[in-house]
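Encoded as structure tokens, the structure appears first; notes follow it.
Keep in mind the model is a prediction, meaning the values are calculated, not measured. Every chain is numbered from 1, with letters handed out A, B, ... down the list of sequences.
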2 protein chains.
Amino acid sequence: MSTQSRSPSGYSTWRLIAEELRREIANGARPVGSRLPSEHELAERFGVHRNTVRQAVAGLVAEGLVESRRGSGTFVTQGTVLVHRIGARTRLTDSIGPSSSATAQLLDWAIEAEPEPRVIDRLRLDGRPALRLEAVRAVDGTPVSRATSWFVADLVPGLPELFERLGTVTGSLRELGITDYVRSSTTVGARHATAAESEDLELPPGAVLLVVRSLDTLPDGTPLSFGSTRFPATRVELDVEHALIP
Amino acid sequence: MSTQSRSPSGYSTWRLIAEELRREIANGARPVGSRLPSEHELAERFGVHRNTVRQAVAGLVAEGLVESRRGSGTFVTQGTVLVHRIGARTRLTDSIGPSSSATAQLLDWAIEAEPEPRVIDRLRLDGRPALRLEAVRAVDGTPVSRATSWFVADLVPGLPELFERLGTVTGSLRELGITDYVRSSTTVGARHATAAESEDLELPPGAVLLVVRSLDTLPDGTPLSFGSTRFPATRVELDVEHALIP
């Protein structure tokens, strides 16, 4: 790790440089998408060694304010567009401010007689077919998620057409008489986007995705849907709800 | 997105190729760290177009079984070493199987009179100093997390020495009379590792980290610690606990 003095104040040159760059990003002098000067240029400007500049920039990367793209430099990121809450009864739409406009687009769907073993298992399909939906969601025109969801097909007749018309899964399920469902399990991982995902989400090559795998059930525990939603990490942050068990 | 026929079976050539490669990884014919053959080689072997092979490999990337490193190829990943549970009363050690051996190492610490504004705010420091700990944790010798944690310094006198001796935060806090604390908030993001993080966590350049920011409080709500823990995404998966509110 980068060694640091155990000084009582905890302040050091790299922190002051990071602070100055942070200020320039915040006040718009360095707009979203702009390239930071090179380490060499920053070292000259601040009159310090390149290692000190490197530490300051690493700090900004760690905060998500800038993003290093291999071979092309360091860029000011867009900032979080969406905070996605993860809880037993939260819906994606809960997370978007009232002034923003969210849209969902159905990319593809299929009835699968034999989906992946993991899907058969989680949905307890036992020979029944699954409906697979492929969708992308955007907030104010910026793509924020790419979801692949499997439903127990016979529980949701006509879901693709409803979803295409209404642009919301929760709303479509309501039309089908499913007025309530609960999150049963959620796991979170992260990885690089594939080329197809980068295209769907309008991301640069090598972008990082948060991958949320979830199982939703009816209130009585009957499995309803299982799937994975990929969120661009530069645009979405997950917020976990904690219910305190007294 | 990659177009797919809306066939009733949902099976297609790329899925069969992915299935075969998955089998070869599972049975050890392709060990962890080994490089997959090139798209060209795989296309020849299976007698298909390169696009079909690309789709199969993208599927394995999506599952986290292999990882593409730009310019050098696609490699079999290590697989999940640790499932880290996120809940109101879970501890990191909860997540590790009984047969595994977990170790924590203190890399650095400092008393900070003026930490970052975010830390002052979350810990309600109001002029009091913070203790910053830098630590790395490993399971069976593989690094699984790199944490930066700030504590309200006057609540935890001597914590660095205790942590260094005991190798556990929970155990050290117990020695200080803090027998219980609860998770108050958790957010999850993801990004590329910095060079220093890659070194601490023994990761290749460009590796992806899950970043968990959390605030722990005493049972009465008094802030105790705030920090960020970075988990290598190829080694750790987060599992969110859902407490159902009836």
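For B:Arg122, there are no salt bridge (Lys or Arg N to Asp or Glu O under 4.0 Å) partners two or more places apart in sequence or in a different chain. Contacts of B:Pro129 classified as side chain to side chain contact (heavy atoms under 4.5 Å, CB included), with partners at least two apart in sequence or in another chain: B:Ile111, B:Ala153.
In this structure, no portion of A:Ser228 lies under 4.5 Å from any heavy atom of chain B. With a 4.5 Å cut-off on non-hydrogen atoms, A:Thr187 touches chain B through its backbone and its side chain both. With a threshold of 4.5 angstrom between heavy atoms, A:Ser185 approaches chain B through N, CA, C or O but not through any side-chain atom.
If you tally non-hydrogen atom pairs under 4.5 Å between each of A:Val57, A:Thr194, A:Val240, A:Val136 and chain B, the highest count goes to A:Val240.
The shortest side-chain heavy-atom distance between A:Val61 and B:His192 does not fall under the 4.5 Å cut-off. A:Leu238 has its side chain out of reach of B:Leu238: every pair of non-hydrogen atoms, C-beta onward, lies at least 4.5 Å apart.
Here the straight-line distance linking atom CZ of A:Arg15 with atom CD of B:Glu114 works out to 11.5 Å at 0.5 Å rounding.
The shortest non-hydrogen separation linking A:Leu210 to B:Val188 is CD1-O, 3.9 Å. A pairwise comparison of heavy atoms in B:Ala190 and A:Val208 identifies CB-CG1, 3.6 Å as the closest pair.
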